[in-house]
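The sequence lines fix the lettering, A, B, ..., with proteins before strands; numbering per chain opens at 1. Just so we're clear, the structure is a prediction, and the values are computed from it rather than from any experiment.
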Amino acid sequence: MKYGYYPGCSLHSTGREYDLSTRAVLGRLGLEVEELKGWNCCGATSAHSTSDFLALALPMRNLALAEAQGRDLLAPCAACYSGLRQAAAALEAGEGRALVAEEEQRRITGRPFTGRVRARHPLEVLSVPDAVAGLKRAVRRPLKGLKVAAYYGCLLVRPPRAAAFEDPEQPRSMERLLSAAGAEPVEWSYRTDCCGAGLAFSRPALVGELCSRLRVEARRAGAEALSTACPLCQTNLESRGAEGRLPVFYFTELLGLALDLGGRGSWFRRHLVSPRPLLSRLGLG
Amino acid sequence: MAVNPSAAAVTFPRAVERDSGQPVARCYQCQKCSAGCPLSFAADLKIHQVVRLVQLGLKDEALSARAIWLCTGCKTCQARCPNEIDGARVTDALRVMALRERRPAEKAVKDFHFSFLLMVELLGRAYEVGLILLQKLLTRNLTQDLGLGLRMMARGKLRLLPSRAPGAREVARIFQRARELQ
Ligand code: SF4
Ligand code: SF4
């Protein structure tokens, strides 16, 4: 089955390395994707912060496009993923506000969204047992000695009914993948705490406090790097707050490294905190 | 002391319950939401207090709380509330009301949302450079994040020029409809 790929705005800009590494890993593991034609911004925090209608209608236009193109959507950005899932869940529950938003977007675009396709996150698709087994077989350079803290953030696990594909308080999918890649995920307690997300530009100091705490706690647990699944989390953790700076990977970059995929120089080159010293110390450079 | 309930004491909780879709009346102030809320340490009010203000019909206090602008929408409160109250939907509803009454308690946060959405309305997709410049003009803080922006640009993380997404016209009509329905 081929997926529609929904990069969202960040993967075309600040999270470019997430885009590149995700496509490369999916391709190597035999998951076919094609970018959703004509996609729009999901509205992110700013939509639900100011207009319920936009928060539903913007994701629904994308879901309707996916339905017209006959494909489930893969959305690597946790914020986009959550927006798509929450809109679909509200419609499925028959909430009036969602019915209105769907009707309006249908009237404007001529394309209905009836709930026939779903949005999924690469973390879910890649962490099912078959995919993990496939990954294990394909690993060429096990990430030996890499102590890494898996960080899920908010929107992959919450709201649980709409978004979570595993236990929302104790997710394990990322740890499963990192272990399969040969890394050593550490145990820590802040895996689903918030990084401050969309407040980064308007309240940077506040976001800095949240990110500093996350990094300090990851280090306290023995981690030398963080693994993320969201471009907002990754950027905030790399750039906000002063304490405990450490390399922050996208989980797909780490999988790509273990798979020995080409082109990864162009992923790591984009990082604000270079992962190269750590990788060469571990002989993974 | 005799208390005269104001009109807002009756209408406000109902309006918030309607706009947010949340059964605010069910809250029994267990504070599980605030115990997990990442912004509890920073905001003027904790989320269980915001919910309480709504129950009591204290409209002015609720709408002028900075807490409703600092809520990140992380949904921790929603996931943990024993009464299935989604605090994020409550703050969403209160923020929209505060905007309607033109009194956002956190102007920088409001300006960010405004700038972000303007880019999406014009282009169909977000455009970070335009968003950052516009927000700088609005907040008159030209130096904040300048270094970070330049470092990101040097690493190819920011597109200098905007481009209009295919489908931008449909997106603009969705925005127009959002205004009409408000
Ligand atoms: S968790 Fe729910 S019931 Fe408890 S204080 Fe918060 S909103 Fe009220
Ligand atoms: S959604 Fe908002 S109020 Fe609820 S826990 Fe997160 S930041 Fe706090």
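- Heavy-atom pairs under 4.5 Å with chain A were tallied for B:D19, B:V96, B:I174; the largest tally goes to B:I174.
- Heavy-atom distances place both the backbone and the side chain of A:I108 under 4.5 Å from chain B.
- The neighbour count for A:R161 CZ, taken as heavy atoms of other residues, nucleotides or ligands under 6.0 Å away, does not exceed 12.
- Of the residues considered (A:Q105, A:E95, A:R158), A:R158 shows the highest number of contacts with chain B, using heavy-atom pairs under 4.5 Å.
- Between A:Y152 and A:S173, some side-chain heavy-atom pair lies under the 4.5 Å cut-off.
- Side-chain contact between B:C37 and B:C77 is absent, with no heavy-atom pair separated by less than 4.5 Å.
- Shown here is A:E103, whose CD atom has no more than 12 heavy atoms of other residues, nucleotides or ligands within 6.0 Å.
- Residues A:V248 and A:H271 have side chains not in contact (no heavy-atom distance under 4.5 Å, counting atoms from C-beta outward).
- For the set A:S49, A:G15, A:G38, the count of heavy-atom pairs under 4.5 angstrom toward chain B peaks at A:S49.
- Looking at B:F41 and A:E209, their side chains come closer than 4.5 Å, going by heavy atoms from C-beta outward.
- Looking at A:L272, the atoms closer than 4.5 Å to chain B (heavy atoms on both sides) sit in the backbone and in the side chain alike.
- Only the side chain of A:P204 comes within contact range of chain B, with heavy atoms under 4.5 Å apart.
- For chain A, the option among B:F112, B:W69, B:F114 with the highest count of heavy-atom pairs below 4.5 Å is B:F112.
- Between chain B and the options A:R213, A:E17, A:K37, heavy-atom pairs under 4.5 Å are most frequent for A:E17.
- Within the 4.5 Å cutoff, the side chain of A:Q234 has no heavy atoms near those of the A:F249 side chain.
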With side chain to side chain contact (heavy atoms under 4.5 Å, CB included) as the criterion, how do A:L246 and A:V273 come out once you've worked through the C-alpha distance, each side chain's angles and the decisive distance to 0.1 Å? CA-CA 7 Å; A:L246 78 181; A:V273 177; 5.9 Å; no
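- Ranked by heavy-atom pairs shorter than 4.5 Å toward chain A, the options B:T76, B:L99, B:V120, B:L39 are led by B:T76.
- With a 4.5 angstrom heavy-atom cutoff, A:T235 touches chain B only via side-chain atoms.
- A donor-acceptor contact shorter than 3.5 Å links the side chain of A:R191 to the backbone of A:P171.
- Residue contact with chain A, scored on non-hydrogen atoms closer than 4.5 Å, involves the backbone and the side chain of B:E170 alike.
- The residue among B:D86, B:I68, B:L70, B:D111 with the most heavy atom pairs within less than 4.5 Å of chain A is B:L70.
- If you tally non-hydrogen atom pairs under 4.5 Å between each of A:G96, A:S202, A:S46 and chain B, the highest count goes to A:S46.
- Counting heavy-atom pairs closer than 4.5 Å to chain A, the top-ranked of the candidates B:A168, B:C71, B:A88, B:G124 is B:G124.
- Looking at B:R89, the atoms closer than 4.5 Å to chain A (heavy atoms on both sides) all sit in the side chain, from C-beta outward.
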List the steps and the verdict of salt bridge (charged side-chain N to carboxylate O under 4.0 Å, His left out) for A:E102 and A:R106. CA-CA 6 Å; A:E102 200 288 314; A:R106 176 196 306 232; 2.7 Å; yes
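- Looking at B:E121, neither its backbone nor its side chain comes within 4.5 Å of chain A, counting heavy atoms on both sides.
- Here the CZ atom belonging to A:R245 is positioned 9.0 Å from the SG atom belonging to A:C211, to the nearest 0.5 angstrom.
- Proximity to chain B involves both the backbone and the side chain of A:R270, based on heavy atoms less than 4.5 angstrom apart.
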